Colleague: 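Below you'll find the structure I mean.
Keep in mind the model is a prediction, meaning the values are calculated, not measured.
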Amino acid sequence: MNANQLINMVIRMVMRRVVGRGVNAGIDYAVNRGKPKKDLTPEERAQAKAARKTTRQARQATNLARRITRM
């Protein structure tokens with residue numbers, strides 16, 4: 001493995017983490033409709049919690065589908 005491949009590998013690993021966190025933050029922002037958590041009503045909190053659960057399940061299903069299709 002040469003230096004260029006090693007640098008590319010490290011950059012990809014870092015970018016995967018950074019982009020993943022950014023996507024998750026954007027989803028949380030959309031779920032909360034742009035409001036801080038302390039400003040949400042109890043109904044909005046419950047709806048946001050349900051949306052986060054649905055999003056998490058969708059991500060898990062997507063990851064499972066990727067694993068299955070790799071075989």
Colleague: Taking side chain to side chain donor-acceptor pair (under 3.5 Å) as the test, write out the residues that go with Arg45, two or more places apart.
Modeller: none
Colleague: Holding to side-chain contact (heavy atoms from CB on, under 4.5 Å), I want the full list of residues that pass it with Glu43, two or more places apart in sequence or in another chain.
Modeller: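 For Glu43, the residues satisfying side-chain contact (heavy atoms from CB on, under 4.5 Å) (neighbours in sequence not counted) are Thr41.
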Colleague: For the atom pair NZ (Lys49) and CZ (Arg52), what is the distance rounded to the nearest 0.5 Å?
Modeller: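 Rounded to the nearest 0.5 Å, the NZ-CZ separation comes to 8.5 Å.
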Colleague: Quick one: side-chain contact (heavy atoms from CB on, under 4.5 Å) partners of Asn2, sequence neighbours excluded?
Modeller: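 Only Asn4, Gln5 meet the side-chain contact (heavy atoms from CB on, under 4.5 Å) criterion with Asn2.
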Colleague: For Arg67, which residues count as a side-chain contact (heavy atoms from CB on, under 4.5 Å) partner, sequence neighbours excluded?
Modeller: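 Here no residue qualifies.
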Colleague: Please identify each residue that fulfils side-chain contact (heavy atoms from CB on, under 4.5 Å) with Leu6, with sequence neighbours left out.
Modeller: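 Partners of Leu6 by the side-chain contact (heavy atoms from CB on, under 4.5 Å) criterion, ordered by chain and then number, come out as Met1, Met9.
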